[in-house]
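Presented below is the structure to which this report refers.
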Amino acid sequence: MKIHHILKRINTSFWKIGILSVAILIFLISCQQKEKNSKITKEMGENVFLQKWTGPYGGVPAFDKMKIEDLESAVIVGMELNLTEMETIANNSEEPTFENTIVAMEKSGKVLDRVFAYYGILRSNMSTPESRKIQAGLAPKLSEFNSKILQNEKLFQRVKAVYNNSLETPLEADQQRVVELTYKGFAMRGAELDEAKKKRYAAINKELSTLYTNFSNNVLHDEENYVTYLTKDQLSGLSESFIKSAAKIAEDKDHKGTYAVTNTRSSMDPFLTYSNERELRKQVWTNYYARGDNGDEFDNNNLIAEILKLRRERVELMGYKNYAEWRLQDRMAKTPENALNLMNTVWPAAIARVKEEVADMQAVADANKDNLTIEPWDYRYYAEKVRKKKYDLNSEEVKQYLQLDKLREAMFYVAGRLFNFSFKPVPAGSVPVFQEDVKVWEVTNKDTGEHIGLWYLDPYARTGKRSGAWATTYRSHTTFDGNKTVLASNNSNFVKPAPGEPVLVSWDDASTFFHEFGHALHFFSSEVKYPTLNGGVRDYTEFQSQLLERWLPTDEVINTYLVHYKTGKPMPKSLVSKIKKAATFNQGFATTEYLASALMDMKLHLADPTNIDIDAFEKETLTQLKMPKELVMRHRTPQFGHVFSGEGYATAYYGYMWADVLTADAAEAFQEAPGGFYDKEMAEKLVKYLFAPRNSIDPAEAYRMFRGRDAKMEALMRDRGFPVKN
Ligand SMILES: [Zn+2]
């Protein structure tokens, strides 16, 4: 699974808060607030985070003038202005209309939007202990801010009135969708409840937020307190870089002279893959999969039961049968049955593949006279041996054909062929950046020269930058309030080379680079009128970016851009086919460990929580599923942070696979087209139906328009090398 994040607005507020110029706003504020206003006016004048973006390209953020000490007051002023805007809308004495309510809401929050462009940089690209402290302090205020808007009864009544009117007299299709999304955003969060129920609703949320924090803290406790320290003679099989970093970690933990394997995935995974010490593998494995499940005061089982009960009670207040039904109503899958159907279809093939993988591994172990039966702590270790034997793929050799600059040119080429975009570096110094390595390109329409936006690339790792790769927008495309052009960014963590040296990257990293660029292209393609329609749908937004990865191994890209950094020769066909073959390797393991978690997530939320015993439920469910004994769930229930340290992925973990089905099916559409991956007609459909509409049409409908039918799961099966019954 890829680490990728679209950081839109911090704290998922469901509308894209929009408008009102500050001048009008201040004029509207009542007298008692005069003192507050003068403070706001002063801040607006002096605080860079609050100021209007000036300069070329429709205005750009003043990244070169950020002052961390201004951040807190900027966020607070931004929230205050936005709340005042919402109050003004709520207290309008005129009859509620689309214009005076929905459009006004879409327009509100401009100042806060600007602040958040900077906030994201200071959180993800340029974080310091100081900025983290400020942001931790702001978190509860932001959550309170969200609740204030969601619980604004007068505001909701106006939204509801517009919604009800629209059911009788429909608006334009996209306006209708904004109204619906806005109304449902409120209703799904308890706005329709009576006073007593609202009170209970709020109390449940408060209780849940404490439980989520406790859940995370317990997992964190077990990650920090179950470190395995190795002696010098226990390092066999481990890489130089792993040993070096393990020594450093041990030293930091006052165990100088030993080597620390921490209880986290980034430490556990390579250790289990390479360590020749079977007993230690077992210990590291046991520590990791027992997180939150050690039967002590940090055990999460009871917390989870409590969380499930409260979630059920909360959705029952609103008349839903269970949490999953409530959660999935605005997702592409729409119902738990649809999501389960997908998972149950793929599951038998996945566990059948595990059997084959285990047999392959057992053969290697036997040939080696290791005298053992494959256990869960052996899976990664022997899988690696099978991989070497079967595919003989040398990752160092592959890297020599993957130069970062060439990959970037390849992405521009693909964007030109499919999207008709052209990328050109902006004149030096014309657009402020927050760090000297960040480069900016102007995106235009290849034929008309029309300006579309700016693409910021922050490629290299450095202290204070979060790990992984991600895409963001500083400004999104909208037209309802004047044409706004896109400011989008891609961020990665490549190691910065010595001057003049190329950056050589792995195949995985090259795919991820394309993936994040897919998010950027999705931002640049937007043709929506209203901010709300730029929003993402969880089981759909990863589809577009995953799909773009498929252009990396196309002949056009390989022959021109995947060239050896010394000889300039394209990657040999034999190496390309090795990479393609290796892509389906170990899919039994990957699919099974993922699906077991996704199924558990869904089943836990469909079950009656009254007397649920989490430990027993997990065991029984896995037995019913015939979970192979040689591996475990990717996230066991007591450590399943996606689902229990918040609500982000609760009954939504299936979404990765949902998007994978769309990806595999859409890729086949290109494979089947006369022009293959560069087929002109397909490219037009891709942009028109899958990228440009964002959330302005129902994703399921958009996909049907692209493909002429729904996506077929068989495409995913083929993609993973699983047999497909005809
Ligand atoms: Zn992504």
Side-chain angles (χ1 to χ4, degrees), residues 1-10 12 120-121 123-125 265 331-333 407-408 410-411 414-415 418-419 453 455-459 461 465-474 476-477 486-494 505-526 534-553 583 590 594 597-598 634-635 641-642 646 648-649 652-667 686-687 690-695 699 702-703 711 716 719:
M1 222 128 293
K2 222 132 261 164
I3 317 271
H4 44 49
H5 284 245
I6 315 167
L7 296 170
K8 281 232 90 182
R9 205 169 244 265
I10 286 70
T12 54
I121 297 296
R123 187 167 96 144
S124 304
N125 301 66
R265 187 174 293 279
R331 296 287 154 84
M332 189 173 171
L407 286 166
R408 199 194 60 232
M411 300 191 315
V414 170
L418 300 179
F419 293 80
W455 184 63
Y456 293 66
L457 176 65
D458 181 9
K465 187 172 175 182
R466 56 170 271 227
S467 61
W470 66 98
T472 67
T473 46
Y474 310 135
S476 296
H477 168 85
V486 181
L487 304 175
S489 82
N490 279 165
N491 310 269
S492 4
N493 274 284
F494 297 109
V505 312
S506 69
W507 185 262
D508 261 6
D509 285 346
S511 293
T512 305
F513 201 40
F514 268 64
H515 175 105
E516 299 306 335
F517 191 62
H519 283 305
L521 290 173
H522 199 186
F523 298 139
F524 287 124
S525 311
S526 172
N534 272 315
V537 178
R538 177 139 285 159
D539 53 5
Y540 187 62
T541 45
E542 289 306 325
F543 155 54
Q544 286 82 359
S545 49
Q546 284 177 184
L547 186 59
L548 205 88
E549 295 175 33
R550 304 298 173 115
W551 272 264
L552 173 62
Y594 159 77
S597 287
R634 183 172 171 86
H635 310 278
H642 289 75
Y649 279 91
Y653 197 62
Y654 77 89
Y656 290 104
M657 183 168 273
W658 191 270
D660 277 348
V661 173
L662 299 172
T663 306
D665 191 64
L686 173 88
V687 177
L690 301 182
F691 278 69
R694 301 233 18 133
N695 196 17
Y703 193 83
L716 173 109
D719 202 37

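Residue numbers run from 1 in the order of the sequence given. All ligand and atom numbering here is 1-based and tracks the order in the structure.
With sequence neighbours left out, H477 forms a ring-ring contact (aromatic ring centres under 6.0 Å, His included) with no residue at all. Scanning for salt bridge (Lys or Arg N to Asp or Glu O under 4.0 Å) contacts around D509 gives an empty result, with sequence neighbours left out.
S489 and N491 share a side-chain donor-acceptor pair at under 3.5 Å.
Taking all atoms of both residues into account, the shortest heavy-atom contact from A471 to E516 is N-OE1, 3.4 Å.
Looking at H519, its N, O or S atom nearest to the Zn ion (ligand 1) turns out to be NE2. Distances from the Zn ion (ligand 1) to each N, O or S atom of E542 single out OE1 as the nearest.
E516 lies apart from the Zn ion (ligand 1) in this respect, since none of its N, O or S atoms is found at a distance under 2.8 Å.
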